[in-house]
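Down below is the structure, laid out as structure tokens.
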Amino acid sequence: LMPNKALISFVSFVSVLLVSVVTFVVFGIRRVTLLAIASMFCYSIASIGLYVVAPELATFKEVMNDVVTVERFSGLAHPNFLGRYAVLTILLSIAAIIEGYMNWRWLIPLGAISAGVALASLSRTPVIAAAVAVVVISLPLLKFKETYVWIALGVCGMAVVFLAVESTIGIDVVQEKIVQKTTKTGSTEEIKTGTGRTEIWAYSITKTKERPVFGWGTGSTAIVMEDQ
């Protein structure tokens with residue numbers, strides 16, 4: 001499609017991959033992990049600082065439709081990238097604590113600030129992925145029986161809360177409140193399509209079938225998807 005740009009993207013990707021491997025070999029996983037945590041945390045702090053000094057530069061206005069425009073905290077990057085960095089900071093910190101690389105007390109400021117940044121970015125996918133990852137990481141730390149006890153108590157607790165709310169204000173109101181809190185537009189269509197992701201995936205499958213072997217070139221997604 002655009003061979004020169006595709007080649008540059010491919011070479012850049014390979015270069016970053018090779019540098020990453022060399023970095024782990026030379027410095028070791030402990031130093032690289034701690035450096036990654038510190039770097040991403042500083043990135044979040046810098047993003048907050050930019051918002052305090054110049055909020056218009058640290059805010060991303062996402063046009064959802066003809067009526068709704070959502071303002072998202074973006075800091076120094078796109079909100080989705082900022083959310084990923086913040087979430088990864090939390091997950092790497094937990095992993096570092098488990099491996100004995102850092103003291104658990106560091107998780108308090110790191111976790112609190114990073115969680116706030118992730119939530120302010122309104123990037124749901126990283127937040128959901130982080131919640132699942134935390135559960136997966138935590139399960140091996142519990143004893144076998146305790147794991148099932150906590151899972152059972154959690155399910156029962158959610159069931160009790162849902163039934164209490166449903167019996168008080170009605171199921172329709174509950175659904176409406178959930179949609180309002182979990183979507184940017186307040187529409188169930190946003191949940192059903194994953195904010196348009198299902199349409200993108202379907203179109204991607206169609207384009208993949210057109211060039212199943214050689215593809216469209218590294219980094220050409222924006223160009224191929226332009227007519228969508």
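For the single chain, residues carry numbers from 1 onward in sequence order. Because the structure is predicted, anything quoted here is derived from the model rather than measured.
Judged by the 6.0 Å distance and 45° axis criteria, R84 is positioned over the aromatic ring of F81.
To the nearest 0.5 angstrom, I113 atom CD1 is 12.0 Å from S47 atom OG. Distance CG/L122 to CZ/R72: 6.0 Å, rounded to 0.5 Å. Note that CG of L50 is 13.0 Å distant from CD1 of I45, once rounded to the nearest 0.5 Å. For the atom pair CD1 (I37) and CG (L107), the distance works out to 9.5 Å, reported to the nearest 0.5 Å. To the nearest 0.5 Å, atom CG of residue L92 and atom CE of residue M102 are 10.0 Å apart. Atoms OG1 and CZ, on T23 and R31 in that order, are 12.5 Å from each other to the nearest 0.5 Å.
Both Y101 and I108 sit in one connected hydrophobic cluster of ILVMFWY residues. Membership requires side-chain heavy atoms under 4.5 Å apart, directly or through other members. Linking ILVMFWY residues whenever their side-chain heavy atoms come closer than 4.5 Å, directly or via other members, leaves V14 and V21 in distinct clusters. In terms of hydrophobic clustering, with Ile, Leu, Val, Met, Phe, Trp and Tyr side chains grouped at heavy-atom distances under 4.5 Å, V22 and F27 are assigned to a common cluster. Under the 4.5 Å side-chain heavy-atom criterion for ILVMFWY residues, a single connected hydrophobic cluster contains both V26 and F24. I94 and V127 fall into different hydrophobic clusters, defined by Ile, Leu, Val, Met, Phe, Trp and Tyr side-chain heavy atoms under 4.5 Å apart, directly or through other members.
Taking every heavy atom of both residues into account, A86 and S114 meet most closely at CB-O, 3.2 Å. Taking every heavy atom of both residues into account, A130 and V87 meet most closely at CB-CG1, 3.2 Å. In terms of heavy atoms, N80 sits closest to S123 at OD1-OG, 3.2 Å. For I29 against T33, the heavy-atom pair with the smallest separation is O-OG1, 2.6 Å.
Residues W106 and S93 are not in side-chain contact: their nearest non-hydrogen atoms beyond the backbone lie 4.5 Å or more apart. In this structure, L82 and L76 have side chains that are not in contact, with every pair of non-hydrogen atoms separated by 4.5 Å or more. A 4.5 Å side-chain heavy-atom check between P79 and S74 finds at least one atom pair inside the cut-off.
H78 and F60 have tilted rings, their planes meeting at an angle from 30° to 60° on a 0 to 90° scale.
In terms of modelled atom types and a separation under 3.5 Å, the side chain of T59 and the main chain of E56 share no donor-acceptor contact.
Within 6.0 Å of atom CZ in F73, more than 12 heavy atoms from other residues, nucleotides or ligands are found, so the atom counts as buried in its surroundings.
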